[in-house]
*Asks:* 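This is the structure I have questions about; it appears just below.
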Amino acid sequence: MVTDDNAADRLPGRREPNSHCVRSSQDAPVPSSAATDLRAAGRGARRSGRGIRRHWRATPWLFLLPGLAITLLFSLYPFVNTIILAFTDAQVLGGGNFTGGANFSRMLHDPQFWTALRNSALYVVGVVPFLVLLPLLLAMLVQRHIPGIAFFRAAFYTPVVASVVVVGLIWTWLLDSRGLVNSVLKALHVVSEPVPFLTDETLLLISAMLVTIWKGLGYYMIVYLAALANVPRDLHEAAEVDGAGPVRRFFSVTVPAIRPTMVLVGALSAVAAFRVFSEIYILSGSSGGPAGADISLVMLIRQVGTGLNGELGYSSALSVVLFVLTLGLMLLTMRLNKNEEVA
Amino acid sequence: MNIRAQRPGRIVLRYLLLLAVLAISIGPFLWQLSTSLKGVGEDIYSYPPQFVPSEPTARNYARVADVVPVWGFALNSLLVAVANVAANCVGAALAGYALARMRFFGRKFVVLAFVLALLVPGESIMISLFLMMRSMQLSNTLLAVVLPGAVSALNVLLMRNAFAGLSYAVEEASLIDGANAWQRFTRIALPSVKGTIAVVAIFSFMFSWDDFLWPLIVLHDPDKYTLTIGLNYLQGTFASDQRLIAAGTIIAVAPLILMFLALQKYFFRGVGAGAVKG
């Protein structure tokens, strides 16, 4: 999928090879070191480009400078630093002594940590099955080129474009005790009292999951659409000739053909769900639910690590746990895929 | 796709389903729009619910600006997003080209660094990043909001794939004609990957405009707020008036929806690529 867009880009450069361009020191032919470059280059290049220096030794590093500097400085260095801090008692004010695994053993006895871990795990369990299945059905619904389908596809994708904050605020209003959902439920006589979507500990978490699912549908729909386009049509036709109905064809033709995509969607949505922050934060009015009962792991990291009393060491240890579990979740999904392929 | 023609009943059913999903996906936005257009005199909690405002008014959009500097927030968001787009396009194209087209010692390690960066969730380094920004005297600045995502590893790898997919013949010809690496990059390779650059630009803009957690951590001063944390702040201050919050959310979401409608195909093309970014 990542390379999909190359096809459209693979246009021949129209510009004539420049004969008028200024020669700089970079193209001075220096055969001796050019040889190393050419060895690695394509066969054609070796034949025709002999003796022409491809680039100056420092050129690749100049090209890489901005990207590599940002990545090293703002991704990899903080990552290493997080691991180091996790073994210290660093605080916003003072601290910073090496304390071994103290932060990790503290976690074991921290009820907030277990609440947060439970909520993040529940979030994965509650969200992933729906985000694997519903967008697939949606993709099948919009797959056929019938009049107006482009409009429907665009409309279904709109929630993806909006910020989680916007989406969260929209749903906070819809799920309010006097909001639209409760009025409709009352009008239909489903309930007599407003449902406490945002104030009940359990319902708040479920509401946040619904928002995540609602916002993710369109995104994974597009992922599935690309995969469905590659399902061989003759398989469907053959199955239909054999008398298989739509349900049967779904399970014996469509699902096997797009299984890898389903696993990908499962992995992506699981990792994203485990890192949930904004949905719960916004729907709970930044409180994390009644008495913080709906706090997620990322919410806990922020809560512990920021502010004047920020416990950077402990917060970093929690971050390490988040990283390890996220990575584990990714590896687990990939492993599942492999095992089932063998079976 | 089917052998037999679609029966009319089936196609009607399909459209009915499409309309039902349409109501679910677009309905909430329309309800928010409707709320934002309802005047102070109109009961927004009316029962049964009133979908079309009886006397539509734009006053809430002016009133929300009295409560919080919403246009200032929007300007901050725009600055951050534009800087993010520029840095990502330039940085990722340069690095991607080097990785795809140049041979040098250490190339594999550089690729590894980008892949590792891709695997580290932003949430797990945010505390450490915040510390860095503080020690660099950058906390509470828009620059601190931009820097960590200025050249995302994903975009670098995306650009590398795009360049690697190009035919090398023309670049090679210009090499023989004496074009240097910079000329080959800007005049030949770059114009051929415009589509990928558009995807990088659009997704950088969207991620930056919608980002919440990082600006929430690094910005403290309402003057510096971007729209997303500004809206969160608005909800905290005036939770009582849903009309104002609705107007604020429409201000935040409208530009992106318009951009999406204009540039749909790039949004769809970027889905697979952005998937990893999360």
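The analysis underlying the following values was restricted to heavy atoms, covering all of them including side chains, and did not include hydrogens, waters or symmetry mates. In the text below, chain A, chain B and the rest are named by the order of the sequence lines, each starting its count at 1.
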*Asks:* Under 4.5 Å heavy-atom distance to chain A, tell me which part of B:Ala92 shows up: side chain, backbone, both or neither.
*Replies:*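 Looking at B:Ala92, nothing touches chain A.
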*Asks:* How far apart are the closest heavy atoms of B:Ala181 and A:His55, and which atoms are they?
*Replies:*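 For B:Ala181 and A:His55, the tightest heavy-atom pair comes out as CB-CB, 4.1 Å.
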*Asks:* With a 4.5 angstrom heavy-atom cut-off, is it the side chain or the backbone of B:Phe105 that approaches chain A, or both, or neither?
*Replies:*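 Backbone only.
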*Asks:* For residues 19-34 of chain B, which side-chain N or O atoms pair as donor and acceptor with protein atoms under 3.5 Å away, sequence neighbours left out?
*Replies:*
| unit_1 | atom_1 | unit_2 | atom_2 | d |
| --- | --- | --- | --- | --- |
| B:Ser25 | OG | B:Val21 | O | 3.1 |
| B:Ser25 | OG | B:Leu22 | O | 3.4 |
| B:Gln32 | NE2 | B:Thr249 | OG1 | 2.9 |
| B:Ser34 | OG | B:Phe51 | O | 2.8 |

*Asks:* Answer with side chain, backbone, both or neither: which region of A:Thr326 has an atom nearer than 4.5 Å to a non-hydrogen atom of chain B?
*Replies:*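 When you check distances to chain B, only side chain atoms of A:Thr326 fall under 4.5 Å.
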*Asks:* Ignoring hydrogens and angles, write down the donor-acceptor pairs under 3.5 Å from the side chains of residues 158-165 of chain A, residues two or more places apart or on other chains.
*Replies:*
| unit_1 | atom_1 | unit_2 | atom_2 | d |
| --- | --- | --- | --- | --- |
| A:Thr158 | OG1 | A:Ala154 | O | 3.0 |
| A:Thr158 | OG1 | A:Ala155 | O | 3.1 |
| A:Ser163 | OG | A:Val165 | N | 3.0 |
| A:Ser163 | OG | B:Asp210 | O | 3.4 |

*Asks:* Between A:Val92, A:Val298, A:Leu169, who has the most heavy-atom pairs with chain B when the cutoff is under 4.5 Å?
*Replies:* A:Leu169
*Asks:* At a heavy-atom distance under 4.5 Å, which candidate from A:Ser278, A:Ser316, A:Gly285, A:Ala69 has the highest pair count against chain B?
*Replies:* A:Ser278
*Asks:* Measure the spacing between CD of B:Gln264 and CZ of A:Arg153 and express it to the nearest 0.5 Å.
*Replies:* 10.0 Å
*Asks:* May I ask you to name which of B:Leu116, B:Leu17, B:Leu147, B:Asn232 has the most heavy-atom pairs under 4.5 Å with chain A?
*Replies:*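 Sorted descending by pairs with chain A, the first entry is B:Leu147.
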*Asks:* Which bit of A:Phe156 comes within less than 4.5 Å of chain B, counting heavy atoms only: side chain, backbone, both or neither?
*Replies:*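 When you check distances to chain B, atoms from both the backbone and side chain of A:Phe156 fall under 4.5 Å.
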*Asks:* Look up atom CD1 in B:Ile127 and atom CD in A:Glu311, then write down how far apart they are to the nearest 0.5 Å.
*Replies:*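 Between atom CD1 of B:Ile127 and atom CD of A:Glu311 there are 11.5 Å.
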*Asks:* So which heavy atom on A:Thr71 is nearest to which on B:Val151, and how close?
*Replies:*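 Looking at all heavy atoms of both residues, the closest pair is OG1-O, 4.0 Å.
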*Asks:* B:Gly122 and A:Arg275: which non-hydrogen atoms are nearest, and at how many Å?
*Replies:* N-NH2, 4.4 Å
*Asks:* Which heavy atom in A:Pro147 sits nearest to a heavy atom in B:Tyr15, and how many Å separate them?
*Replies:*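 That would be O-OH, 2.6 Å.
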*Asks:* Highest number of heavy-atom pairs under 4.5 Å with chain A: which of B:Thr35, B:Ile250, B:Ile257, B:Val90?
*Replies:* B:Thr35
*Asks:* Heavy-atom cut-off 4.5 Å, strictly under: side chain, backbone, both or neither for A:Leu141 against chain B?
*Replies:*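 Contact with chain B is through both the backbone and side chain of A:Leu141.
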*Asks:* A:Leu174, A:Asn81, A:Ile170, A:Leu225: which one forms the most heavy-atom pairs within less than 4.5 Å of chain B?
*Replies:*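 Ranked by heavy-atom pairs under 4.5 Å with chain B, first place is A:Ile170.
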*Asks:* Drop me the distance from A:Ser286's OG to B:Leu216's CG, to the nearest 0.5 angstrom.
*Replies:* 8.5 Å
*Asks:* If you tally heavy-atom pairs under 4.5 Å against chain A, which of B:Gly91, B:Pro148, B:Ala246, B:Ala189 wins?
*Replies:*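 Among B:Gly91, B:Pro148, B:Ala246, B:Ala189, the one with the most close pairs to chain A is B:Pro148.
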*Asks:* Using a cut-off of under 4.5 Å on heavy-atom pairs, state which of A:Gly310, A:Pro66, A:Ser183 scores highest against chain B.
*Replies:*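 Result: the option with the highest number of such pairs is A:Ser183.
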*Asks:* Heavy-atom pairs under 4.5 Å with chain A are the metric here; pick the option from B:Leu231, B:Leu261, B:Val156 that has the most.
*Replies:* B:Leu231
*Asks:* Might you point out which heavy atoms bring A:Leu76 and B:Ala113 nearest each other, and give the distance in Å?
*Replies:* CD1-O, 3.7 Å
*Asks:* Only pairs of heavy atoms separated by less than 4.5 Å count here; which of B:Phe130, B:Tyr97, B:Trp209, B:Phe212 has the most with chain A?
*Replies:*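 It is B:Phe212.
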*Asks:* Can you say whether A:Met140 sits under 4.5 Å from chain B via the side chain, the backbone, both, or neither, judging by heavy atoms?
*Replies:*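 Just its backbone gets close to chain B.
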*Asks:* Hey, mind stepping through B:Trp182 and A:Leu62 against side-chain contact (heavy atoms from CB on, under 4.5 Å) and telling me if it holds?
*Replies:* CA-CA 10 Å; B:Trp182 177 252; A:Leu62 289 175; over 6 Å; no
*Asks:* I'd like to know which of A:Leu297, A:Ile282, A:Thr306 tops the heavy-atom pair count under 4.5 Å against chain B.
*Replies:* A:Ile282
*Asks:* Could you look at B:Leu18 and say if it's the side chain, the backbone, both or neither that has a heavy atom under 4.5 Å from chain A?
*Replies:*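 Contact with chain A: backbone and side chain both.
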*Asks:* Can you tell which part of A:Ser315 gets under 4.5 Å to a heavy atom of chain B, answering side chain, backbone, both or neither?
*Replies:*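 A:Ser315 touches chain B through side-chain heavy atoms alone.
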*Asks:* Check the orientation of A:Tyr157 and B:Phe268. Use parallel for under 30°, tilted for 30 to 60°, and perpendicular for over 60°.
*Replies:*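 Because their plane-to-plane angle is over 60°, the rings of A:Tyr157 and B:Phe268 count as perpendicular.
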*Asks:* Rounded to the nearest 0.5 Å, what's the gap from CD1 on A:Ile83 to CD1 on B:Ile125? Could you check?
*Replies:* 11.0 Å
*Asks:* Using non-hydrogen atoms and a 4.5 Å limit, figure out which bit of B:Arg107 sits close to chain A: side chain, backbone, both or neither.
*Replies:*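 The answer is neither part of B:Arg107.
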*Asks:* For the pair B:Ser124 and A:Leu322, evaluate side-chain contact (heavy atoms from CB on, under 4.5 Å) and give the outcome as yes or no after the intermediate values.
*Replies:* CA-CA 6 Å; B:Ser124 68; A:Leu322 175 76; 4.0 Å; yes
*Asks:* Rounded to the nearest 0.5 Å, what separation is found between the CD1 atom of A:Ile222 and the CZ atom of B:Phe267?
*Replies:*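 If I round to the nearest 0.5 Å, the distance is 12.0 Å.
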*Asks:* Step by step, would you call A:Leu64 with B:Phe114 a side-chain contact (heavy atoms from CB on, under 4.5 Å)?
*Replies:* CA-CA 11 Å; A:Leu64 283 168; B:Phe114 285 121; 4.3 Å; yes
*Asks:* Check each atom of B:Met259 against the heavy atoms of chain A and say whether the ones under 4.5 Å are side chain, backbone, both or neither.
*Replies:* neither
*Asks:* Select one option (side chain, backbone, both, neither) describing which atoms of A:Lys215 are under 4.5 Å from chain B's heavy atoms.
*Replies:*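 Looking at A:Lys215, nothing touches chain B.
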*Asks:* How close do B:Leu213 and A:Arg302 get, heavy atom to heavy atom, and via which atoms?
*Replies:* CD1-CD, 4.0 Å
*Asks:* Kindly determine whether B:Glu123 and A:Phe277 satisfy side-chain contact (heavy atoms from CB on, under 4.5 Å), including the steps that lead there.
*Replies:* CA-CA 9 Å; B:Glu123 292 86 349; A:Phe277 171 82; 5.8 Å; no
*Asks:* Please classify the contact between A:Thr172 and chain B as side chain, backbone, both or neither, with a heavy-atom cut-off of under 4.5 Å.
*Replies:* side chain
*Asks:* With a 4.5 Å cut-off on side-chain heavy atoms, are B:Val120 and A:Ser75 touching?
*Replies:* no
*Asks:* Under a 4.5 Å heavy-atom cutoff, which of B:Ala117, B:Ala153, B:Gly248, B:Ala169 has the most pairs with chain A?
*Replies:*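 Looking at each of B:Ala117, B:Ala153, B:Gly248, B:Ala169 in turn, B:Ala117 comes out on top.
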*Asks:* Between A:Trp214, A:Trp173, A:Phe323, A:Tyr281, who has the most heavy-atom pairs with chain B when the cutoff is under 4.5 Å?
*Replies:* A:Trp173
*Asks:* Given heavy-atom pairs under 4.5 angstrom as the criterion, report whether the side chain, backbone, both or neither of B:Phe260 touches chain A.
*Replies:* side chain
*Asks:* Mind checking the CZ-CZ spacing from A:Arg144 to B:Arg14? Nearest 0.5 Å is all I need.
*Replies:*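 Rounded to the nearest 0.5 Å, the CZ-CZ separation comes out at 4.5 Å.
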